[in-house]
Amino acid sequence: MNTKITAAVLAAATAMVTLSGCGLKEGLTEKANGHVKTVGYATGAEGKRDADARLPEWVPDGAMSITEVIRTTGSERLLKFTGGTLPAVCVPGAAATRPATLSAQWWPQGQESRTDKVCGEWHVLVQGADVYAFKPETLVSKRS
C-alpha cells in the first residue's frame with residue numbers, strides 16, 4: 001500500500017515539475033472569459049524573438065521590463081513596458097471604445113479609456129517612462 005502512495009506522490013511531483021517547465025516567463029490559467037497567457041521579457045528585442053507570443057513590431061527593441069497578458073482564445077491583449085521611443089507608426093488617436101475584459105495587477109482599471117495614441121490595432125498611453133497598450137478583442141463569438 002505504501003508503494004502505491006509513494007508512486008502516486010512521485011507521479012504528481014513529476015507532473016508538477018513538467019507543467020511548470022514554462023518557467024517564470026510564462027503562465028497559463030483558465031479564466032471564466034477564456035484562456036489567458038502571461039509573458040514577460042527583459043527587452044523588446046527578446047520579446048520579438050518569441051514566436052509564440054508575437055510581441056508587436058512597434059514595441060521598441062530597447063523597451064525594458066515587458067509584461068503582457070494574452071487571450072489565447074481571441075485577440076485581446078494588455079501590454080506594459082518601460083522606456084524606448086515609440087516609432088512613427090504610433091500616431092495620436094482616439095481612446096479605445098471597448099473596455100478591457102482582461103485584467104492584471106499592473107493594469108490600472110479603465111486604462112484603455114485613457115489611451116491617446118494608436119499603433120496599428122493597439123491603443124497606447126505613455127505615462128512618464130511607462131507605456132500601457134491595449135488591443136481589443138476582434139474575434140466574434142459564434143456562440144448564442
Side-chain angles (χ1 to χ4, degrees), residues 5-144:
I5 293 172
T6 303
V9 169
L10 247 148
T14 302
M16 184 81 139
V17 169
T18 302
L19 292 174
S20 66
C22 296
L24 297 176
K25 288 186 178 183
E26 214 174 287
L28 183 63
T29 57
E30 177 75 31
K31 300 235 179 177
N33 56 2
H35 292 275
V36 177
K37 179 179 184 177
T38 302
V39 294
Y41 306 102
T43 67
E46 178 188 337
K48 290 177 187 176
R49 287 191 298 266
D50 183 356
D52 290 333
R54 298 177 309 277
L55 192 63
E57 283 300 316
W58 58 263
V59 173
D61 287 348
M64 299 177 296
S65 301
I66 299 161
T67 304
E68 185 174 23
V69 177
I70 302 167
R71 179 170 319 289
T72 61
T73 57
S75 58
E76 183 179 8
R77 294 163 77 170
L78 301 176
L79 173 68
K80 180 184 179 195
F81 61 87
T82 303
T85 302
L86 294 178
V89 70
C90 297
V91 296
T97 56
R98 287 190 230 159
T101 61
L102 293 173
S103 63
Q105 184 178 13
W106 47 263
W107 184 263
Q109 185 175 6
Q111 188 76 322
E112 66 280 3
S113 66
R114 294 184 276 281
T115 58
D116 60 1
K117 292 176 185 38
V118 177
C119 303
E121 296 179 288
W122 292 79
H123 295 272
V124 180
L125 176 66
V126 178
Q127 286 186 315
D130 294 329
V131 178
Y132 295 89
F134 168 65
K135 182 179 178 188
E137 183 63 60
T138 57
L139 299 178
V140 178
S141 175
K142 297 190 184 209
R143 292 183 179 178
S144 51

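Every heavy atom of this structure was used, including side-chain atoms; hydrogens, water molecules and symmetry mates were not.
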- Task: Taking the side chain as every heavy atom from C-beta outward, state whether Val124 and Val131 have any atom pair closer than 4.5 Å.
- Result: yes

- Any side-chain heavy-atom pair from Glu68 and Leu55 closer than 4.5 angstrom? yes

- Hey, does the side chain of Lys48 reach the backbone of Glu57 with a donor-acceptor pair shorter than 3.5 angstrom? yes

- Query: Heavy-atom distance under 4.5 Å between the side chains of Val118 and Pro92, does that happen here?
  - Reply: no

- Once you round to the nearest 0.5 Å, how far does OG1 of Thr38 lie from CG of Leu78? 9.5 Å

- Do the rings of Trp122 and Trp58 sit parallel, tilted or perpendicular, given the 30° and 60° boundaries? perpendicular

- Pro136 versus His123: any side-chain heavy-atom pair under 4.5 Å? yes

- With Trp106, which residues qualify under ring-ring contact (aromatic ring centres under 6.0 Å, His included), at least two apart? none

- Note, Thr67 side chain near Leu79 side chain (heavy atom, < 4.5 Å): no

- Message: So, taking the atom named CZ in Arg98 and the one named NZ in Lys135, what distance separates them when rounded to the nearest 0.5 Å?
- Response: 11.5 Å

- Task: Walk me through it: do Val69 and Val36 pass the test side-chain contact (heavy atoms from CB on, under 4.5 Å)?
- Result: CA-CA 7 Å; Val69 177; Val36 177; 3.3 Å; yes

- Would you check if there is a donor-acceptor pair between the side chains of Thr138 and Ser75 at a distance under 3.5 Å? yes

- Query: Does the pair Arg71/Glu137 count as a salt bridge with the N-to-O cut at 4.0 Å?
  - Reply: yes

- Message: With heavy-atom distances below 4.5 Å as the criterion, would you say the side chains of Tyr132 and Gln127 are in contact?
- Response: yes

- Task: Output every pair passing salt bridge (charged side-chain N to carboxylate O under 4.0 Å, His left out) with a member in residues 108-119, not counting sequence neighbours, ordered by first then second residue.
- Result: none

- Which disulfide (SG to SG under 2.5 Å) pairs, counting each pair once, include a residue from residues 44-74, with sequence neighbours left out? none

- Within a strict 4.5 Å, meaning less than it, do heavy atoms of the Trp107 and Phe134 side chains meet? yes

- Message: Looking at every non-hydrogen atom in both residues, tell me the closest pair between Ser113 and Ala95 and how far apart they are.
- Response: O-CB, 3.3 Å

- Find the distance between CD (Glu46) and CE (Met64) and round it off to the nearest 0.5 Å. 13.0 Å

- Closest heavy-atom contact between Leu102 and Glu76? N-OE2, 3.2 Å

